[in-house]
Amino acid sequence: MVKTPLFKLEHLTICQQGTDRKPIIDDVSFSLAQGQHLGLIGRSGCGKSVTSHAIMDILRPPLFRKQGRAILQGQDIYTLSGTEKRRVRGQGIFCIFQSPGSALHPALTIKQQMMEISTVIDQDQAATSDVIEYAFDRMQLPIRCLEQYPHHLSGGMKQRVLMAMALLLKPRFLIADEPTTGLDVLTERDVLDAMEIMLEETQSACLFISHDIRIVKRVCPDLLVMQNGKIVDRCTRDELTYRDRAETTREIIDAMGVA
Ligand SMILES: Nc1ncnc2c1ncn2[C@@H]1O[C@H](COP(=O)(O)OP(=O)(O)OP(=O)(O)O)[C@@H](O)[C@H]1O
């Protein structure tokens, strides 16, 4: 029996108002099964982040959605009311963007933000404190961070705070959009370790976006390759080196020296 996908993106097409340029995202479709980890790779500017913003339905003018459906558990996100969308964001879809600072409120302590996140999950305050401390422990974050503000934390710590939030929420679908961009290699490794622990524990499906195929290969058995707003290749990580791969895939593999 074919499993119903958890999430399906159908014919997403994103254009820019006031220009007759070809679409920035051009008829992109893919699906994710429950718990599946799917990588989206492609060179800078190919449309990866616009895709993630479109899935979250947070595109701003001049970009607009010309066509497409984003179906989570049978429901098209684009047809939901504002309130319903806010409900879906969190335990339905949760996104970790490349600049974690912008996802955290600068004037609230990390604890206040964790408490706010935990209002979505149904439990009393004492249990919430325990869950937050557990999440911090799993993400190897010192408890003292809870009393701090986002600007006190390094980029890698902020990413791990977002992952601790995901641990609380257990989203069905997690989008990680270049979560290690701008981090040094050791911090990158720590963030990826934390991410693997979080994904293992939440069992979330994950769309992992990166221009770095080495990182994507580590997290995702399945891959999509994007070029100029189109999906030009789909394969498993073991098939990456097959000769009949799309030219873009081969270029990325050659450029990064990975096999
Ligand atoms: N707000 C915007 N207005 C107009 N064009 C935009 C806007 N945001 C992105 N674009 C354009 O859309 C295209 C895709 O951008 P996007 O940020 O999705 O690329 P990307 O693959 O995520 O790149 P990177 O890996 O560098 O983050 C680019 O040509 C970019 O210039």
Side-chain angles (χ1 to χ4, degrees), residues 7 9-30 32 37-70 77-78 89 93-103 155-156 158-159 162 173-185 187-188 191-192 195 206-220 222-235 237 240 245-258:
F7 175 77
L9 189 67
E10 292 182 346
H11 306 294
L12 180 72
T13 301
I14 306 294
C15 295
Q16 187 175 343
Q17 282 162 358
T19 69
D20 48 11
R21 272 177 54 190
K22 64 182 187 51
I24 286 175
I25 302 299
D26 195 354
D27 198 21
V28 165
S29 300
F30 60 81
L32 270 124
H37 299 169
L38 179 66
L40 175 61
I41 58 171
R43 67 194 306 164
S44 203
C46 73
K48 303 180 297 297
S49 291
V50 171
T51 303
S52 71
H53 285 88
I55 293 173
M56 296 297 285
D57 204 14
I58 53 170
L59 282 180
R60 293 216 199 105
L63 303 185
F64 70 99
R65 189 178 67 254
K66 192 171 175 198
Q67 66 159 358
R69 302 203 303 159
I77 294 167
Y78 300 145
R89 289 188 198 128
I93 302 186
F94 185 75
C95 192
I96 296 175
F97 289 113
Q98 59 182 280
S99 47
S102 58
K158 280 186 257 200
Q159 286 299 34
L162 290 178
F173 178 21
L174 182 113
I175 302 176
D177 187 352
E178 307 261 14
T180 58
T181 295
L183 303 178
D184 67 83
V185 283
T187 311
E188 171 186 288
V191 166
L192 288 175
M195 176 134 172
C206 174
L207 179 68
F208 191 102
I209 297 175
S210 177
H211 57 269
D212 189 334
I213 201 165
R214 286 168 298 199
I215 295 176
V216 178
K217 266 181 76 176
R218 179 178 153 179
V219 181
C220 304
D222 299 299
L223 303 164
L224 300 172
V225 183
M226 183 174 257
Q227 187 193 13
N228 296 333
K230 282 179 181 289
I231 300 295
V232 293
D233 205 358
R234 296 166 196 258
C235 63
R237 64 183 155 210
L240 267 174
R245 290 272 64 88
E247 199 181 327
T248 312
T249 316
R250 282 190 275 118
E251 275 176 6
I252 295 171
I253 290 170
D254 288 347
M256 300 215 80
V258 278

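We count ligands from 1, going down the list as the structure has it; atoms in each ligand are counted the same way.
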Among all residues two or more places apart in sequence or in another chain, which pass the side-chain hydrogen bond (donor to acceptor under 3.5 Å, both in side chains) test with R245?
-> D233
Heavy atoms, side chains only, cut-off 4.5 Å: are V232 and E247 in contact?
-> no
S102 meets the side-chain hydrogen bond (donor to acceptor under 3.5 Å, both in side chains) criterion, sequence neighbours left out, with S99
Answer yes or no: is there a donor N or O on one side and an acceptor on the other, between the side chain of R69 and the main chain of E10, under 3.5 Å?
-> no
Using the side chain to side chain donor-acceptor pair (under 3.5 Å) rule, collect all pairs that involve residues 37-50, keeping only residues at least two apart or in two chains.
-> S49-D177
Spell out, as yes or no, whether a donor-acceptor pair under 3.5 Å connects the side chain of Q16 to the backbone of K22.
-> no
Check each protein residue for a heavy atom under 4.0 Å from ligand 1 and list those that pass, ordered by chain and number.
-> Q16, I24, R43, S44, G45, C46, G47, K48, S49, V50, P62, L63, Q98, E178
